[in-house]
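Written out below as structure tokens is the structure these notes cover.
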There are 2 protein chains.
Amino acid sequence: MRLTNKGKYGINALLVLASSQEDGPLTLKTIAGKAGIPEHYLEQIMGRLRQCGLVASTRGVQGGYRLARESEKIFIGEIVEAAEDSVQPVKCAAHQCERSDSCLNHDLWSRVTESMLKTLNGMSLAALCRDAFDHPCRGGDCSYPAWENIESGGV
Amino acid sequence: MRLTNKGKYGINALLVLASSQEDGPLTLKTIAGKAGIPEHYLEQIMGRLRQCGLVASTRGVQGGYRLARESEKIFIGEIVEAAEDSVQPVKCAAHQCERSDSCLNHDLWSRVTESMLKTLNGMSLAALCRDAFDHPCRGGDCSYPAWENIESGGV
DNA sequence: CTAATCCCGACTATTTTTGTAGGCAATTGA
DNA sequence: TCAATTGCCTACAAAAATAGTCGGGATTAG
Ligand code: FES
Ligand code: FES
């Protein structure tokens with residue numbers, strides 16, 4: 001029942017993007033560098049985020065990624081859902097069995113998923129970014145990005 | 001972000017126990033059989049549940065496991081916490097960093113954990129047991145026990 | 001004493017997660 | 001048109017977590 005690196009990397013990549021909106025699209029390499037994520041791994045994650053409509057990309061020279069919406073309108077739950085394989089603790093919710101509409105177990109875990117997403121979607125990328133950017137917390141089990149070589153700040 | 005078999009097995013084992021309170025302690029073998037869980041694996045899980053004070057055991061002939069409290073006073077969140085390695089999606093909460101008290105990320109994930117547990121602890125073992133026992137939902141991704149060879153029912 | 005039963009630690013197998021590699025496709029600009 | 005840059009995709013490999021197995025020891029009833 002834990003967040004995997006995919007989710008964490010997804011959030012951090014978007015935090016980096018959110019913090020550098022002005023300067024045109026950022027390349028994968030730049031994002032990976034600033035957030036401290038293996039480049040090719042991040043590529044796979046960005047693919048998911050793109051398919052879910054959270055980022056947009058342009059190819060070729062001077063291409064890269066940018067947020068598909070303003071960071072105020074992107075929420076952490078969306079990112080986690082897009083990046084992780086599944087946010088539901090139990091598969092049960094997906095399938096159909098005779099009494100799934102009146103099954104207490106099914107019901108319980110649906111409510112768990114719901115409450116997690118509600119909490120996560122109560123936080124915007126913008127809000128988290130403001131905090132993350134000047135947060136000194138690094139290393140250990142902390143999950144904010146490393147912000148390597150960052151110059152211009154804030155959101 | 002999913003419930004592992006440890007958690008599912010823990011719940012199912014306790015459901016079996018809750019459904020046969022009267023007949024004295026149940027052996028590992030019996031529980032494993034009724035719930036459809038590999039015996040030796042369940043043994044490890046029962047160890048955790050015992051250490052967390054959810055079940056009590058007696059050794060030797062005619063020994064076995066029984067609930068440490070009435071099933072109305074045992075809650076699903078407790079079982080999951082005891083059986084799973086961790087219920088927190090993010091480790092961050094455990095460690096200490098300079099600003100963890102004012103870190104939005106830390107705060108967010110703490111609230112997620114909290115809301116999950118609140119939901120899970122809103123359901124008693126007894127309530128789930130009543131539903132599980134006559135619930136026809138089996139196989140697929142459903143997680144209620146198989147109730148193999150069960151005779152006496154209800155809670 | 002013996003059989004039943006829980007207890008414990010080490011070991012193996014399987015699955016999931018994490019990360020790497022390499023080629024193809026699109027875009028820009030000289 | 002061509003070359004450089006950059007994203008896109010699929011397959012593969014390594015590491016970690018989970019799931020499950022095994023065997024010996026301790027405790028208790030009869
Ligand atoms: S609907 Fe899945 S356990 Fe009942
Ligand atoms: S306290 Fe862990 S990220 Fe800030």
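Numbered from 1 within each chain, the chains take letters A, B, ... in sequence-line order. Remember, predicted model here, so these are calculated numbers, not experimental data.
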Examine C/dT16: is either OP1 or OP2 under 4.0 Å from a nitrogen or oxygen in the side chain of A/Thr4? Give yes or no.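 No, outside the criterion.
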Does A/Tyr9 put a side-chain nitrogen or oxygen below 4.0 Å from OP1 or OP2 of C/dG19? yes
Determine the minimum heavy-atom distance between [X] and [Y], stating which atoms define it.
X: B/Ala82; Y: B/Leu49; value: CB-CD2, 3.8 Å
X: B/Asn121; Y: B/Glu78; value: OD1-N, 3.2 Å
X: A/Leu120; Y: A/Ile76; value: O-CB, 3.4 Å

Report, as a single string ordered 5' to 3', how protein heavy atoms within less than 4.0 Å touch nucleotides 2-15 of chain D: B base, S sugar-phosphate only, - not at all. --BBBBBB------
Whole angstroms only, please: what is the [atom1]-[atom2] distance between [X] and [N]?
X: B/Leu17; N: C/dC6; atom1: CG; atom2: C1'; result: 14 Å
X: B/Lys6; N: D/dA17; atom1: NZ; atom2: C1'; result: 9 Å
X: B/Ile45; N: D/dT21; atom1: CD1; atom2: P; result: 12 Å
X: B/Leu3; N: D/dT18; atom1: CG; atom2: C1'; result: 13 Å
X: B/Leu42; N: C/dC6; atom1: CG; atom2: P; result: 10 Å
X: B/Tyr41; N: D/dC22; atom1: OH; atom2: C1'; result: 16 Å
X: B/Arg2; N: D/dA19; atom1: CZ; atom2: C1'; result: 11 Å
X: A/Glu84; N: C/dT16; atom1: CD; atom2: P; result: 14 Å

Quick check: on DNA chain D, is the nucleotide nearest B/Pro38 upstream (toward 5') of the one nearest B/Asp85, or the reverse? Name the residue that is more 5'. B/Asp85
When clusters are formed by joining ILVMFWY residues with side-chain heavy atoms under 4.5 Å apart, either directly or through shared neighbours, do A/Leu125 and A/Phe75 land in the same one?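 Looking at the clustering, A/Phe75 is in a separate group from A/Leu125.
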If an axis is fit to five pairs at each end of the helix from C/dC1-D/dG30 to C/dA30-D/dT1, what is the angle between the two, to the nearest 10°?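 Roughly 10°, once rounded to the nearest ten degrees.
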Decide if atom CD of A/Glu39 counts as having more than 12 heavy atoms of other residues, nucleotides or ligands within a radius under 6.0 Å.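 Atom CD in A/Glu39 is crowded, with more than 12 foreign heavy atoms closer than 6.0 Å.
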For A/Met46 and A/Leu17, what are the C-alpha separation, side-chain angles and deciding distance, and is it a side chain to side chain contact (heavy atoms under 4.5 Å, CB included)? CA-CA 12 Å; A/Met46 294 307 281; A/Leu17 274 179; 4.2 Å; yes
Please lay out, stage by stage, how B/Val80 and A/Met1 fare under the test side chain to side chain contact (heavy atoms under 4.5 Å, CB included). CA-CA 10 Å; B/Val80 173; A/Met1 201 99 80; 3.8 Å; yes
Between CD1 of A/Ile45 and NE2 of A/His40, what distance do you get to the nearest 0.5 Å?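 One finds 13.0 Å between CD1 of A/Ile45 and NE2 of A/His40.
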Which atom pairs, one a donor and one an acceptor, fall under 3.5 Å between side chains of residues 5-15 of chain A and the rest of the protein, sequence neighbours left out?
from, atom 1, to, atom 2, distance (Å)
A/Asn5, ND2, A/Tyr9, OH, 3.3
A/Asn12, ND2, A/Ser143, O, 2.8

